[in-house]
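The block underneath contains the structure these notes are about, expressed in structure tokens.
The basis for the numbers below is simple: all heavy atoms, side chains too, and nothing from hydrogens, waters or symmetry mates. These numbers come from a predicted model, not from an experiment.
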Amino acid sequence: MNQQRTLESYPQSMRDEVQRARQEVADLHAELPRYELVVWTAGNVSQRVRHPEVADGSQDLFVIKPSGVSYDDLTPESMVVCTLDGQLLEGEHAPSSDTAAHAYTYEHMPEVGGVVHTHSTYATAWAARGEDIPCVLTMMADEFGGPIPIGPFAIIGDDSIGRGIVATLRGSRSPAVLMANHGPFTIGKDARAAVKAAVMCEEVARTVHIAQQLGDPQPIDPAKIDSLYERYQNVYGQ
């Protein structure tokens, strides 16, 4: 049924929002190579577009990078639109090979508005070790509310990765998960927040790795982690 659906069947306000999301997602993809989070055509950003009349999210869409297209060649028009079961709704290219993981995450975490996947060097190195990144930095307490957790090993191609993301992050304060032997996935209220989480994930992965080479990083008391997280999320900034 979803394969027969077209973007024209959605309300005009939603179609307008899809166009805005295409621009936003195209712009945000430029941040991944800028922060050295990806190489070649790897990695992807997506953003949910909520249906204005269906509150349960079942009719939401998402915009995602096409598969195998160079970052230099990405434009708003080249972004593809998918339904929450991962079916291509509109676009000239096949969607990213990680589309099923994004779709499953949106379908099962309705609060999530953006998803990012990278193969950033240090975060992926932790994923290869199958190890959480311990919370030994105030920046981690602020951004992640504790350790960055390791997720299960899963093969790309179906929703297995999405299942691992949801199982690991549901109920967690962390917006990032290190999928074992694969790399980081991050979530956010929108795609920009998910990109920020990806940038911060790589930064703390690098810093904690260096700290471990110098000695034993000092853990932060859980109560102080809670306090730092609460302040940063609810007081800090404008």
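Side-chain atoms of Asp73 never come within 3.5 Å of backbone atoms of Val69 as a donor-acceptor pair (strictly under, hydrogens ignored). In this structure a side-chain-to-backbone donor-acceptor pair under 3.5 Å is present from Gln218 to Asp216. Between the side chain of Arg48 and the main chain of Val112, a donor-acceptor pair closer than 3.5 Å is present. Of the possible donor and acceptor atoms, one in the side chain of His117 sits under 3.5 Å from a partner among the backbone N and O of Pro184. A donor-acceptor pair under 3.5 Å is formed between the side chain of Asp132 and the backbone N or O of Ile150. The main-chain N or O of Ala191 is found under 3.5 Å from a side-chain atom of Gln47 such that the two form a donor-acceptor pair.
Among residues two or more places apart in sequence or in another chain, the salt bridge (charged side-chain N to carboxylate O under 4.0 Å, His left out) test is passed with Glu24 by Arg192. Remark: Asp190 pairs with no residue by the salt bridge (charged side-chain N to carboxylate O under 4.0 Å, His left out) rule, at least two apart or across chains. With sequence neighbours left out, the ring-ring contact (aromatic ring centres under 6.0 Å, His included) criterion links Phe144 to no other residue. Residues satisfying the ring-ring contact (aromatic ring centres under 6.0 Å, His included) criterion with His108, sequence neighbours excluded, are Tyr104.
Counting heavy atoms from C-beta outward, Phe62 and Thr99 have side chains that approach closer than 4.5 Å. Side chains of His182 and Ile161 form a contact here, defined as non-hydrogen atoms less than 4.5 Å apart. For the pair Val81/Arg22, a side-chain contact is recorded, criterion being any heavy-atom separation below 4.5 Å from C-beta on. No side-chain heavy atom of Ile155 sits under 4.5 Å from any side-chain heavy atom of Ser160. In this structure, Ile187 and Thr105 have side chains that are in contact, with non-hydrogen atoms separated by less than 4.5 Å. Within the 4.5 Å cutoff, the side chain of Met14 has heavy atoms near those of the Val49 side chain. Thr168 places a side-chain heavy atom less than 4.5 Å from the side chain of Pro152. At least one side-chain heavy atom of Val208 sits less than 4.5 Å from a side-chain heavy atom of Met140.
By the rule that hydrophobic residues join a cluster once side-chain heavy atoms approach within less than 4.5 Å of another member, Ile225 and Leu228 end up as members of separate clusters. Linking ILVMFWY side-chain heavy atoms closer than 4.5 Å, directly or via other members, places Tyr106 and Phe185 in a single hydrophobic cluster. Cluster annotation: Leu84 is connected to Leu169 through the hydrophobic network of ILVMFWY side chains, with a link wherever side-chain heavy atoms come within less than 4.5 Å. In the hydrophobic clustering of this structure, Tyr71 does not group with Val39; members are Ile, Leu, Val, Met, Phe, Trp, Tyr whose side-chain heavy atoms approach within less than 4.5 Å, directly or through other members. In the hydrophobic clustering of this structure, Val115 groups with Val177; members are Ile, Leu, Val, Met, Phe, Trp, Tyr whose side-chain heavy atoms approach within less than 4.5 Å, directly or through other members.
What you find for Gly68 and Lys65 is that their closest heavy atoms are N-NZ, 4.3 Å. Here the closest heavy-atom approach between residue His93 and residue Ser78 is recorded as CD2-O, 4.1 Å. Taking each heavy atom of Gly43 and Val38 in turn, the nearest pair found is CA-CG1, 3.9 Å. When all heavy atoms are compared, the tightest approach of Val80 to Gly91 is CG1-CA, 3.9 Å. Taking every heavy atom of both residues into account, Ala128 and Asn181 meet most closely at O-ND2, 3.7 Å. Between Asp158 and Ala100, the closest heavy-atom pair is O-CB, 3.4 Å.
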Before giving the answer on side chain to side chain donor-acceptor pair (under 3.5 Å), spell out for His29 and Asn44 the whole-Å C-alpha distance, their side-chain angles and the decisive distance to 0.1 Å. CA-CA 7 Å; His29 273 97; Asn44 36 73; over 6 Å; no
Using side-chain contact (heavy atoms from CB on, under 4.5 Å), reason through Glu107 and Asp85 one step at a time and then give a plain yes or no. CA-CA 8 Å; Glu107 185 178 10; Asp85 57 3; 5.5 Å; no
List the steps, then state whether side-chain contact (heavy atoms from CB on, under 4.5 Å) holds for Leu32 with Val45. CA-CA 9 Å; Leu32 303 189; Val45 177; 3.8 Å; yes
Please lay out, stage by stage, how Leu61 and Tyr10 fare under the test side-chain contact (heavy atoms from CB on, under 4.5 Å). CA-CA 10 Å; Leu61 304 174; Tyr10 288 82; 3.4 Å; yes
Chi angles and distances behind the side-chain contact (heavy atoms from CB on, under 4.5 Å) call for Cys82, Leu89: CA-CA 5 Å; Cys82 295; Leu89 188 70; 5.9 Å; no
Test Arg20 against Gln23 for side chain to side chain donor-acceptor pair (under 3.5 Å), laying out the working first. CA-CA 5 Å; Arg20 285 191 288 272; Gln23 181 68 61; over 6 Å; no
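Between the side chains of His102 and Ser46, at least one donor N or O sits under 3.5 Å from an acceptor N or O.
Membership of an apolar cluster is not assigned to Tyr229, as no side-chain contact below 4.5 Å to another ILVMFWY residue is traced.
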Side-chain donor-acceptor contacts of residues 195-206 below 3.5 Å, not counting sequence neighbours, with atom names and distances?
unit_1: Lys196; atom_1: NZ; unit_2: Glu143; atom_2: OE2; d: 3.3
unit_1: Lys196; atom_1: NZ; unit_2: Tyr232; atom_2: OH; d: 2.9
unit_1: Glu202; atom_1: OE1; unit_2: Ser120; atom_2: OG; d: 2.8
unit_1: Glu202; atom_1: OE1; unit_2: Tyr122; atom_2: N; d: 3.3
unit_1: Glu202; atom_1: OE1; unit_2: Ala123; atom_2: N; d: 2.9
unit_1: Glu202; atom_1: OE2; unit_2: Thr121; atom_2: N; d: 3.4
unit_1: Glu202; atom_1: OE2; unit_2: Tyr122; atom_2: N; d: 2.9
unit_1: Glu203; atom_1: OE1; unit_2: Arg206; atom_2: NH2; d: 3.2
unit_1: Glu203; atom_1: OE2; unit_2: Arg206; atom_2: NH2; d: 3.4

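Here Leu37 contributes atom CG and Thr118 contributes atom OG1; the two are 5.0 Å apart, rounded to the nearest 0.5 Å. Distance check, rounded to the nearest 0.5 Å: OG of Ser172 to CD1 of Ile148 gives 10.0 Å. With rounding to the nearest 0.5 angstrom, the CD atom of Gln87 is 5.5 Å from the OG1 atom of Thr83. Interatomic distance, CG of Leu178 versus CH2 of Trp126, reported as 9.0 Å (0.5 Å rounding).
Under a 4.0 Å N-O distance rule, the pair Arg173/Asp226 qualifies as a salt bridge.
Heavy atoms of other residues, nucleotides or ligands lying less than 6.0 angstrom from CG of Asp56 number more than 12. Within a 6.0 Å sphere centred on CD of Glu111, other residues, nucleotides and ligands contribute more than 12 heavy atoms. Crowding of Gln212 atom CD: a count of heavy atoms from other residues, nucleotides or ligands under 6.0 Å exceeding 12. The number of heavy atoms from other shown groups lying within 6.0 Å of CE (Met139) does not exceed 12.
The side chain to side chain donor-acceptor pair (under 3.5 Å) test with Arg15 is passed by exactly one of Gln19, Glu17, Gln12: Gln12.
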